[in-house]
Amino acid sequence: MTTSLLILNGPNLNLLGTRQPEVYGTTTLPMIETLCADHAKALGIKATFMQSNHEGALIDAIHAAKGVHQGVILNAGAYTHTSIALMDAIFSTELPVIELHLSNVHAREDFRHTSYIAKAAIGVICGFGAAGYPMAMTALRDYLGDAP
Ligand code: DQA
């Protein structure tokens, strides 16, 4: 079976490219989607790319991923720092999730140092800009490959 990953993006990430480029860079979300599609091809896996500004839609997407995708890469945006409901969704599905951020959240404001997602994730990648997405895909593919 071909490995399939869900790459899920949360609030305000649709504005990448023009949103605080000094923090998040100038790469747009469609450009990141292309980067991920190219990397999926190179790895020989499938990747589905989604974005929503709505917490419930992100939770629904995590629920729906069970049985369809083998793992999730989640940039939950600001919901990372607030959403117990997203954390519970990850625990509920038991899917391996990598928490991802473009910026190094640990070098930023104190409120970004708290992550509910990290409590349920297998690992965290942050601070590498758009390049973090293919890094996370490779890491999750390797994790799944090693899984019994
Ligand atoms: C972000 C970091 C979050 O703190 C912030 O709220 C975002 C983007 C990142 O990718 O660096 O929306 O997840």
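Because only heavy atoms are used, hydrogens play no part in the values below, and waters and symmetry mates are left out as well, while side chains stay in. Remember, it's 1-based here, ligands and their atoms both numbered in the order they're listed. Remember, it's a predicted structure, so these values are computed and weren't measured experimentally. The chain is numbered in sequence order, starting from 1.
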Legend entry - Partner set under side chain to side chain donor-acceptor pair (under 3.5 Å) for Asn14, not counting sequence neighbours: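 With neighbours one apart ignored, the set is Gln51.
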Legend entry - Distance in Å, Asn12 CG paired with Arg19 CZ, rounded so as to fall on 0.5 Å steps: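 One gets 4.5 Å once the value is rounded to the nearest 0.5 Å.
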Inset, instruction - Answer yes or no for Arg19: is there a heavy-atom contact with ligand 1 below 4.0 Å? - result: yes
Inset, instruction - Determine, using heavy atoms of Thr80 and all atoms of ligand 1, whether some pair is separated by less than 4.0 Å. - result: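 The answer is no: ligand 1 sits nowhere under 4.0 Å from a heavy atom of Thr80.
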Legend entry - Identity and separation of the nearest protein heavy atom to atom 11 (O) of ligand 1: Ser103 OG, 2.6 Å
Inset, instruction - Note the single closest protein heavy atom to atom 5 (C) of ligand 1, along with its residue, its atom name and the distance in Å. - result: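 Heavy-atom neighbour on the protein nearest atom 5 (C) of ligand 1: Arg112 NH1, 3.3 Å.
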Inset, instruction - Answer side chain, backbone, both or neither: which part of Asn12 comes under 4.0 Å from ligand 1, heavy atoms only. - result: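 Contact part for Asn12 vs ligand 1: neither.
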Legend entry - Part of His101 with heavy atoms under 4.0 Å of ligand 1, whether side chain, backbone, both or neither: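 The answer is both.
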Legend entry - atom 4 (O) of ligand 1 - nearest protein heavy atom and its distance: His81 NE2, 2.7 Å
Inset, instruction - Determine, using heavy atoms of Tyr24 and all atoms of ligand 1, whether some pair is separated by less than 4.0 Å. - result: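 Contact present.
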Inset, instruction - Under 4.0 Å from a heavy atom of Val105: give me the atoms of ligand 1 that qualify, with their elements. - result: 2 (C), 4 (O)
Inset, instruction - Decide whether Arg108 and Ser103 meet the rule of one side-chain donor and one side-chain acceptor closer than 3.5 Å. - result: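 Looking only at side-chain atoms, Ser103 and Arg108 do form a donor-acceptor pair, the distance falling under 3.5 Å.
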Inset, instruction - For the residue pair Tyr133 and Ile125, establish whether any side-chain heavy-atom pair is separated by less than 4.5 Å. - result: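 Side chain of Tyr133 against side chain of Ile125, heavy atoms only: no contact under 4.5 Å found.
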Inset, instruction - Could you say whether the N/O atoms of Arg108 and ligand 1 ever approach to under 3.5 Å? - result: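 No.
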Inset, instruction - Would you please say whether a donor-acceptor pair under 3.5 Å links the side chains of Ser115 and His101? - result: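 On atom types as modelled, these side chains do not qualify, holding no pair under 3.5 Å.
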Inset, instruction - Around atom 9 (C) of ligand 1, find the nearest protein heavy atom and jot down its residue, atom name and distance. - result: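 Ranked first by proximity to atom 9 (C) of ligand 1 is Leu102 N, 3.4 Å.
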Legend entry - Residue pair Ser83 / Glu55, side-chain donor-acceptor N/O under 3.5 Å: yes
Inset, instruction - Verify the cluster assignment for Val72 and Met137: are they in a single hydrophobic cluster under the rule of side-chain heavy atoms below 4.5 Å apart? - result: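 Different hydrophobic clusters.
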Inset, instruction - Answer yes or no: is there a side-chain heavy-atom contact under 4.5 Å between Leu6 and Met50? - result: yes
